[in-house]
Chemist: 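Before I ask anything, let me first share the structure, which is written out below as structure tokens.
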Amino acid sequence: MKQSSKIKVLIIDPEKGITEKVIDNNLRSFYREINCNYIDISSWSIAGQDYDFIIDDEGLLKPNPMISVISLNNKPIFFGRIILTRTCEGLQTSLTDEDIKKIKKHLENYFNYKVIQVDQLIF
């Protein structure tokens, strides 16, 4: 599968909430959007659908870290800004309008859209 040059993502920011954005589909863009030096990509399920979370690998080590993702049992998982995408054959792909609608509906009851709750880690 050929990787798209632009993808539609959700940016999760514990200070500003969640916004849709179209970004370049490359590492440079990921670092710029998250404002970090090291990223990690982790796959999690939200409302039964798997998504990739591109995270600041050192988010917890920054001054005054802010929680952005919690587990179903309310344990903090990730801190700071996150990029949320779909994945296909190991490549990040655009979220569909249906994905965005589903995610926002899932988030309606969580912290005014500033923190996301995930179902499970995908191995």
Side-chain angles (χ1 to χ4, degrees):
M1 171 179 214
K2 184 180 177 196
Q3 186 170 359
S4 301
S5 63
K6 300 250 184 211
I7 56 174
K8 184 191 294 188
V9 301
L10 287 177
I11 305 291
I12 303 166
D13 186 317
E15 292 183 292
K16 299 177 182 173
I18 297 175
T19 55
E20 293 177 44
K21 192 167 186 181
V22 175
I23 65 172
D24 292 330
N25 192 6
N26 60 50
L27 286 174
R28 179 176 285 156
S29 179
F30 299 161
Y31 287 116
R32 183 176 55 245
E33 290 298 329
I34 300 173
N35 191 24
C36 70
N37 295 316
Y38 302 97
I39 64 168
D40 197 3
I41 300 174
S42 186
S43 295
W44 290 80
S45 176
I46 300 171
Q49 175 64 50
D50 301 344
Y51 297 99
D52 274 357
F53 288 70
I54 302 170
I55 63 165
D56 179 350
D57 203 27
E58 298 180 318
L60 182 58
L61 303 176
K62 293 187 174 175
N64 304 312
M66 296 186 74
I67 299 168
S68 50
V69 176
I70 60 173
S71 66
L72 282 176
N73 58 357
N74 295 323
K75 302 273 189 219
I77 297 174
F78 300 133
F79 298 81
R81 287 175 59 99
I82 293 174
I83 300 170
L84 181 60
T85 72
R86 266 193 176 251
T87 186
C88 182
E89 298 176 6
L91 301 173
Q92 281 62 51
T93 60
S94 285
L95 295 172
T96 65
D97 292 337
E98 189 61 36
D99 288 325
I100 292 168
K101 182 178 175 182
K102 177 194 269 190
I103 292 165
K104 286 184 175 180
K105 180 171 177 41
H106 181 74
L107 297 176
E108 285 175 350
N109 298 319
Y110 300 107
F111 304 93
N112 297 321
Y113 292 84
K114 294 182 180 177
V115 174
I116 195 167
Q117 188 172 44
V118 294
D119 302 330
Q120 61 185 0
L121 175 64
I122 308 305
F123 294 99

Chemist: State yes or no: do Leu27 and Val9 share one hydrophobic cluster built from I, L, V, M, F, W and Y residues joined by side-chain heavy-atom distances below 4.5 Å, directly or via other members?
Modeler: yes

Chemist: Rounded at 0.5 Å granularity, tell me how far CD1 in Ile83 sits from CZ in Arg32.
Modeler: 9.5 Å

Chemist: Report yes if the side chains of Tyr51 and Leu10 come closer than 4.5 Å at any heavy-atom pair, otherwise no.
Modeler: no

Chemist: Between Phe53 and Trp44, how do the two ring planes meet: parallel, tilted or perpendicular, split at 30° and 60°?
Modeler: perpendicular

Chemist: I'd like to check Ile39 versus Asp57 (side-chain heavy atoms, cut-off strictly below 4.5 Å). Are they in contact?
Modeler: no

Chemist: Give me the atom names and distance for the closest heavy-atom approach of Asp56 to Ile34.
Modeler: CB-CG2, 3.7 Å

Chemist: Between Asp99 and Arg86, is there a side-chain N and carboxylate O pair less than 4.0 Å apart?
Modeler: yes

Chemist: For a side chain to side chain donor-acceptor pair (under 3.5 Å) with Gln92, tell me which candidate from Thr85, Asp52, Thr87 qualifies.
Modeler: Asp52

Chemist: Identify the two heavy atoms, one from Pro14 and one from Gly80, that lie closest to each other, and give their separation to 0.1 Å.
Modeler: CD-O, 3.5 Å

Chemist: Kindly indicate whether the side chain of Phe30, heavy atoms from C-beta on, has any atom under 4.5 Å from the side chain of Cys36.
Modeler: no

Chemist: Are Lys21 and Lys8 side-chain neighbours, meaning at least one heavy-atom pair lies under 4.5 Å?
Modeler: no

Chemist: Less than 4.5 Å apart, any side-chain heavy atom of Asp24 and any of Ile7?
Modeler: no

Chemist: Any side-chain heavy-atom pair from Asn25 and Ser5 closer than 4.5 angstrom?
Modeler: no

Chemist: Would you give the length of the straight line joining atom CD1 of Ile18 to atom CD1 of Ile12, rounded to the nearest 0.5 angstrom?
Modeler: 5.0 Å

Chemist: Check the pair Asp50 / Ser43 against side chain to side chain contact (heavy atoms under 4.5 Å, CB included), numbers first and verdict last.
Modeler: CA-CA 7 Å; Asp50 301 344; Ser43 295; 5.6 Å; no

Chemist: Do any N or O atoms from the side chain of Asp13 and from the backbone of Glu15 form a donor-acceptor pair under 3.5 angstrom?
Modeler: yes

Chemist: Heavy-atom count around Asp40 CG within 6.0 Å, excluding the residue itself: above 12?
Modeler: yes

Chemist: Answer yes or no: is there a donor N or O on one side and an acceptor on the other, between the side chain of Arg81 and the main chain of Glu33, under 3.5 Å?
Modeler: yes

